[in-house]
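Written out below as structure tokens is the structure these notes cover.
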Amino acid sequence: MHSEVRAGTAQMAAAMLISGTIGWFVVMSGQPVSGVVFWRCFFGAISLLAVCAAMGLLRPGVISFKALGIAVFGGVAIVFNWLLLFASYGHASISIATTVYNTQPFMLLALGALFLGEKITVAKLFWLTLAFAGMAAIVEAKPATSGEHEGYGLGILLALGAAFFYALAALAAKWLKGTPPHLIALIQVATGVLMLLPTVNFSDLPTDGQSWSILATMGIVHTGLMYVLLYGAIQKLPIHLTGALSFTYPIAAILVDRVAFGHALQPLQLVGAAVILVAAAGMNLGWTPAQLLRARANS
């Protein structure tokens, strides 16, 4: 049992570290956002097709028509999620966009209450209020240089939109309980290929090997491999540990943004980011406000 938890922890940490570097690949690709997402889906579909074939998930009867429709809906949502998130990087920096994107548990909370009848407790309302306060701090903050991030507010709105569509995809995944997750991921990226195919300008494709290697890495590593690691970890780990390790993602993204592009969070942005991450942690891990106050008192 302990060895399984150790293996799951390593898989989850690796998946989140991989996710935390995708912003660098998006920026360095030099491609329009729609092109980046298309090639991520294309190369991701190839890698996940191989994984699903090896797992015997391509045989008839593995998924029902109803589940297929829900998976396609989730695919549409995940594609819009990627489009908006990647677009937000150019306006609010990778650090801020990723932090704001981590409001997704609260989007899922609202959707769960609307469509699944889940109860919103006092503790959940507390974390939601705390996250809103952190968001207000980030919105109020100014970039270090006046021209450094044009459309700062737009970048925050794009990241919030990405979080909403991620929550829709997560809601679809809840409806697909029992369906092989690797097959869900394959359907999602295949949906993305079909959605974005009309937007691809095949007469103006990248001409150098570096651009193609970046795009292929986002599909094979950041999609195919990441899904395999993530779902493998989820199967091995208790929910609280999965939630705790998920915060490796925004921390890694902030570090990558600082090292690669020199983007450091300003004091008010740093406070807002910390508040949002604490609120998201409390939401994911089921903390109560009293636990937070005790931890603060003990420190």
Side-chain angles (χ1 to χ4, degrees), residues 15 18-19 22 25-26 29 31-89 101 104 107-108 111 115-116 158-202 205 212 214-232 234:
I18 290 171
S19 297
I22 196 169
F25 283 84
V26 170
S29 71
Q31 299 298 304
V33 169
S34 60
V36 171
V37 177
F38 172 81
W39 291 111
R40 180 184 186 183
C41 289
F42 178 81
F43 288 113
I46 292 174
S47 58
L48 285 166
L49 185 66
V51 170
C52 289
M55 297 176 67
L57 299 178
L58 301 182
R59 66 185 187 277
V62 173
I63 186 170
S64 67
F65 282 110
K66 179 181 178 181
L68 177 62
I70 295 173
V72 169
F73 167 79
V76 172
I78 209 73
V79 168
F80 278 116
N81 156 61
W82 288 340
L83 288 170
L84 293 173
L85 179 62
F86 295 169
S88 71
Y89 293 158
Y101 180 63
Q104 53 195 251
M107 308 281 188
L108 188 56
L111 291 173
F115 296 106
L116 301 177
L158 288 169
L160 283 172
F164 171 74
F165 280 107
Y166 179 88
L168 284 179
L171 184 65
K174 282 179 174 286
W175 284 330
L176 290 169
K177 187 176 181 180
T179 304
H182 299 88
L183 185 59
I184 296 172
L186 174 60
I187 294 169
Q188 288 177 340
V189 292
T191 299
V193 171
L194 295 176
M195 280 178 62
L196 297 174
L197 186 60
T199 70
V200 180
N201 183 1
F202 288 99
L205 296 177
W212 280 116
I214 288 174
L215 293 172
T217 299
M218 281 192 287
I220 297 169
V221 177
H222 291 89
T223 306
L225 176 61
M226 195 276 290
Y227 268 114
V228 171
L229 290 170
L230 178 63
Y231 290 142
I234 289 172

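- For the pair Leu58 and Cys52, the tightest heavy-atom approach, listed with the atom from each and the gap, is CD2-CB, 3.8 Å.
- Here the straight-line distance linking atom CD1 of Ile22 with atom CZ of Arg40 works out to 3.5 Å at 0.5 Å rounding.
- Of the inter-residue distances, the one linking Leu168 atom CG with Met107 atom CE reads 10.0 Å to the nearest 0.5 angstrom.
- Taking the side chain as every heavy atom from C-beta outward, Trp82 and Met218 never approach each other to under 4.5 Å.
- Looking at Leu108 and Lys174, their side chains come closer than 4.5 Å, going by heavy atoms from C-beta outward.
- Here the shortest heavy-atom pairing between Leu229 and Ala15 reads CB-CB, 4.0 Å.
- One finds the CG atom of Leu176 at 4.5 Å from the CD1 atom of Ile184 (value rounded to the nearest 0.5 Å).
- By the 4.5 Å heavy-atom criterion applied to side chains, Leu197 and Phe202 are counted as neighbours.
- In this structure, CG on Leu48 lies 10.0 Å from CG on Leu225, to the nearest 0.5 angstrom.
- By the 30° and 60° cut-offs, the orientation of the rings of Phe38 relative to Phe42 is parallel.
- The two residues His182 and Val228 have their closest heavy-atom pair at NE2-CA, 3.7 Å.
- The closest side-chain heavy-atom distance from Tyr166 to Ile78 is below 4.5 Å.
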List the atom pairs, with distances to 0.1 Å, where a side-chain N or O of residues 186-193 and a protein N or O form a donor-acceptor pair under 3.5 Å, not counting sequence neighbours.
| unit_1 | atom_1 | unit_2 | atom_2 | d |
| --- | --- | --- | --- | --- |
| Gln188 | OE1 | Tyr227 | OH | 3.3 |
| Thr191 | OG1 | Ile187 | O | 2.7 |

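- In this structure, CD1 in Ile220 is found 9.5 Å from OG1 in Thr223, a value given to the nearest 0.5 Å.
- When all heavy atoms of Ser29 and Leu215 are compared, the closest pair comes out as CB-CD2, 4.3 Å.
- For the pair Leu205 and Trp39, the minimum side-chain heavy-atom distance is below 4.5 Å.
- Closest approach of Ser47 to Gly224, counting heavy atoms only: OG-CA, 3.4 Å.
- Ala216 approaches Phe43 most closely through the heavy-atom pair CA-CD1, 3.6 Å.
- Looking at Gln31 and Phe86, their side chains never come closer than 4.5 Å, going by heavy atoms from C-beta outward.
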Would you mind writing out the side-chain donor-acceptor pairs for residues 59-77 within the sub-3.5 Å range, not counting sequence neighbours?
| unit_1 | atom_1 | unit_2 | atom_2 | d |
| --- | --- | --- | --- | --- |
| Arg59 | NH1 | Gly56 | O | 2.3 |
| Ser64 | OG | Ala67 | N | 3.1 |

